[in-house]
Peer 1: 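What follows is a single structure, and I will ask about it in a moment.
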Amino acid sequence: MEPMELLTSSTPYSVYNFHLPQSLKKNAEQLCWEYNQLPPGQEERRREILEKLFGTCNPKTFVMPGFRCDYGFNIHTHGLAFINYNCVILDTSPVHIGANTFIAPGVCISCVGHAMDAQQRAEAITTSAPITLEDDVWIGANAVICGGVTIGKGSIIGAGSVVTRDIPAGVVAAGTPCRPLRPVTEADKIDLHTVSF
């Protein structure tokens, strides 16, 4: 399989990392650097860069500075997506970010992993698997989402969690490893009478 086919595949894979052409990363390196250097008030230029960087970029995609990714073309936003400061997405496989998704500061979304065996790791054998954040997901600050994970619609991942397995829809999940704690319920709604506008 050709490198581009491998990288954009929806199936997990293993590879000698040094066999992947480094030229595929050059565009992302340049565009991330430009994006992160822009002064405030450059919304139109930010939009242009995101549209060049991401494989699919919904017009309601907002990314705060300090953003880094491996390739960019494997990142797909499918509606309103707010990605806060210092997010890292290691998109060695496709990353799908659903509508109305909020990603807090310091989050790491990593499709890539390394071989468990020390000798294989030293030989740069890596693994990769896609990540999906379904609609209405909220990822708390400094959480880590590992390759092969799907986070179900409407779920909330607590700050500092490490997500190594799928999380079902409609739950609050937290911990290391992350696990569902309880469902999101009507009791979680904020009383709008207490909100100042």
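As the structure is a computational prediction, the values presented were derived from the model and not from experiment. Residues take their numbers from the sequence shown, with the count starting at 1.
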Peer 1: May I ask whether Tyr71 and Met4 are part of the same hydrophobic cluster, defined by side-chain heavy atoms of I, L, V, M, F, W, Y residues being less than 4.5 angstrom apart, directly or through others?
Peer 2: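 In one cluster with Tyr71: Met4, yes.
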
Peer 1: Tell me, yes or no, whether the heavy-atom count around Tyr85 atom OH, taken from other residues, nucleotides or ligands under 6.0 Å, exceeds 12.
Peer 2: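 At most 12 heavy atoms, drawn from other residues, nucleotides or ligands, come within 6.0 Å of this atom.
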
Peer 1: Only counting residues at least two apart or in another chain, list the ones meeting side-chain hydrogen bond (donor to acceptor under 3.5 Å, both in side chains) with Ser155.
Peer 2: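 Applying side-chain hydrogen bond (donor to acceptor under 3.5 Å, both in side chains) to Ser155 gives none.
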
Peer 1: Does Glu44 pair with Arg47 as a salt bridge, N-O distance under 4.0 Å?
Peer 2: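 Salt bridge flag = no for Arg47 with Glu44.
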
Peer 1: Which distance, rounded to the nearest 0.5 Å, do you find between the CG of Leu50 and the CG of Asn58?
Peer 2: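 So the gap between those two atoms works out to 11.5 Å.
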
Peer 1: With side-chain contact (heavy atoms from CB on, under 4.5 Å) as the test, would you mind laying out the steps for Asn84 and Phe82 before giving the verdict?
Peer 2: CA-CA 6 Å; Asn84 218 321; Phe82 184 79; 3.4 Å; yes

Peer 1: When the side chains of residues 164-178 are checked against the rest of the protein, which donor-acceptor pairs come out under 3.5 Å, sequence neighbours left out?
Peer 2:
| from | atom 1 | to | atom 2 | distance (Å) |
| --- | --- | --- | --- | --- |
| Asp166 | OD1 | Thr150 | N | 2.8 |

Peer 1: Evaluate salt bridge (Lys or Arg N to Asp or Glu O under 4.0 Å) for Glu43 paired with Arg46, printing each intermediate quantity in order.
Peer 2: CA-CA 5 Å; Glu43 282 73 24; Arg46 286 186 195 284; 5.3 Å; no

Peer 1: Would Leu53 and Cys69 count as a side-chain contact (heavy atoms from CB on, under 4.5 Å) if you check the C-alpha gap in whole Å, the side-chain angles of each, and the deciding distance to 0.1 Å?
Peer 2: CA-CA 9 Å; Leu53 179 62; Cys69 65; 3.9 Å; yes

Peer 1: If I take atom NE2 from residue His76 and atom CG from residue Asp91, how far apart are they, to the nearest 0.5 angstrom?
Peer 2: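 The NE2 atom of His76 sits 8.5 Å away from the CG atom of Asp91.
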
Peer 1: Closest heavy-atom contact between Ser10 and Pro130?
Peer 2: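 Closest heavy-atom pair between Ser10 and Pro130: O-CG, 3.2 Å.
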
Peer 1: Within a radius of less than 6.0 Å around CZ of Arg45, do more than 12 heavy atoms belonging to other residues, nucleotides or ligands occur?
Peer 2: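 Atom CZ in Arg45 is packed in, count exceeds 12.
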
Peer 1: Could you give the distance from OG1 (Thr92) to CG (Asn17), rounded to the nearest 0.5 Å?
Peer 2: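 Going from the OG1 atom of Thr92 to the CG atom of Asn17 covers 8.5 Å.
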
Peer 1: Can Glu51 and Glu48 be said to form a side-chain contact (heavy atoms from CB on, under 4.5 Å), step by step?
Peer 2: CA-CA 5 Å; Glu51 287 175 358; Glu48 290 171 3; 5.6 Å; no

Peer 1: With clusters defined by side-chain heavy atoms of hydrophobic residues (ILVMFWY) lying less than 4.5 Å apart, directly or transitively, does Leu90 cluster with Tyr16?
Peer 2: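 No, because Tyr16 and Leu90 fall into different hydrophobic clusters, even though each may have its own neighbours under 4.5 Å.
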
Peer 1: Are the side chains of Ile145 and Cys108 in touch, meaning some heavy atoms are under 4.5 Å apart?
Peer 2: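 With C-beta onward as the side chain, the pair stays apart.
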
Peer 1: Decide yes or no for Phe102 and Val137: does some side-chain heavy atom of the first lie under 4.5 Å from some side-chain heavy atom of the second?
Peer 2: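 No. Closest side-chain heavy atoms not under 4.5 Å.
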
Peer 1: Could you tell me whether the side chain of Ser9 and the main chain of Thr11 form a donor-acceptor pair under 3.5 Å?
Peer 2: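 Yes; at least one donor-acceptor contact below 3.5 Å.
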
Peer 1: When hydrophobic residues are tied together by side-chain contacts of less than 4.5 Å, even through go-betweens, does Ile157 share a cluster with Val162?
Peer 2: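 Ile157 does not cluster with Val162.
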
Peer 1: Given the rule that I, L, V, M, F, W and Y join up when any side-chain heavy atoms are under 4.5 Å apart, are Val107 and Ile75 in one cluster?
Peer 2: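 Yes, it is one cluster - the side chains of Val107 and Ile75 are joined through contacts under 4.5 Å.
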
Peer 1: With sequence neighbours left out, which residue pairs that include part of residues 119-139 fulfil the salt bridge (charged side-chain N to carboxylate O under 4.0 Å, His left out) condition?
Peer 2: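 Residue pairs passing salt bridge (charged side-chain N to carboxylate O under 4.0 Å, His left out), neighbours aside: Asp136-Lys153.
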
Peer 1: For salt bridge (Lys or Arg N to Asp or Glu O under 4.0 Å), just list the numbers for Arg182 and Asp188, CA-CA rounded to whole Å, side-chain angles, deciding distance to a tenth of an Å, and then say yes or no.
Peer 2: CA-CA 11 Å; Arg182 65 174 180 84; Asp188 292 308; 2.9 Å; yes

Peer 1: Report all side-chain donor-acceptor pairs from residues 22-32 shorter than 3.5 Å, counting only partners two or more places apart or in another chain.
Peer 2:
| from | atom 1 | to | atom 2 | distance (Å) |
| --- | --- | --- | --- | --- |
| Gln22 | NE2 | Leu20 | O | 3.4 |
| Gln30 | NE2 | Glu34 | OE2 | 3.0 |

Peer 1: Taking Thr127 as the fixed residue, which of Cys111, Ser14, Pro12 is the one that meets the side-chain contact (heavy atoms from CB on, under 4.5 Å) rule?
Peer 2: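 Of Cys111, Ser14, Pro12, side-chain contact (heavy atoms from CB on, under 4.5 Å) with Thr127 is met by Ser14 alone.
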
Peer 1: OG1 of Thr56 to CD1 of Ile97: how many Å apart, nearest 0.5 Å?
Peer 2: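 Answer rounded to 0.5 Å: 10.5 Å.
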
Peer 1: Using the side-chain contact (heavy atoms from CB on, under 4.5 Å) definition, which of the options Ile139, Thr132, Ile156 pairs with Ile151?
Peer 2: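 Testing Ile151 for a side-chain contact (heavy atoms from CB on, under 4.5 Å) against Ile139, Thr132, Ile156 leaves exactly one candidate, Ile139.
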
Peer 1: May I ask you to test the Arg68-Ile89 pair for a side-chain heavy-atom distance under 4.5 Å?
Peer 2: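 Not in contact.
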
Peer 1: How close do Gly66 and Asn36 get, heavy atom to heavy atom, and via which atoms?
Peer 2: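 Looking at all heavy atoms of both residues, the closest pair is N-OD1, 2.8 Å.
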
Peer 1: What's the spacing between Thr77 OG1 and Leu133 CG if we round to 0.5 Å?
Peer 2: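 Result: 11.5 Å between the selected atoms.
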
Peer 1: With sequence neighbours left out, write down each residue that passes salt bridge (Lys or Arg N to Asp or Glu O under 4.0 Å) with Asp117, or none if nothing qualifies.
Peer 2: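 Testing Asp117 for salt bridge (Lys or Arg N to Asp or Glu O under 4.0 Å), a comparison that skips the adjacent residues, returns none.
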
Peer 1: Measuring from Lys60:NZ to Leu80:CG, what's the distance to the nearest 0.5 Å?
Peer 2: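 With rounding to 0.5 Å, NZ (Lys60) is 7.0 Å from CG (Leu80).
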
Peer 1: Is a donor on one side and an acceptor on the other found under 3.5 Å between the side chain of Gln42 and the backbone of Pro39?
Peer 2: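 Absent.
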
Peer 1: Please step through side-chain contact (heavy atoms from CB on, under 4.5 Å) for the pair Ile49 and Leu38, ending with a clear verdict.
Peer 2: CA-CA 11 Å; Ile49 292 172; Leu38 285 174; 4.0 Å; yes

Peer 1: Sequence neighbours left out, what pairs pass ring pair (Phe, Tyr, Trp, His ring centres under 6.0 Å) with at least one residue falling in residues 30-62?
Peer 2: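 Those involving residues 30-62 are Phe54-Phe67.
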
Peer 1: Same cluster for Val95 and Phe73 if Ile/Leu/Val/Met/Phe/Trp/Tyr side chains link at under 4.5 Å?
Peer 2: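 No, Val95 and Phe73 fall in different hydrophobic clusters.
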
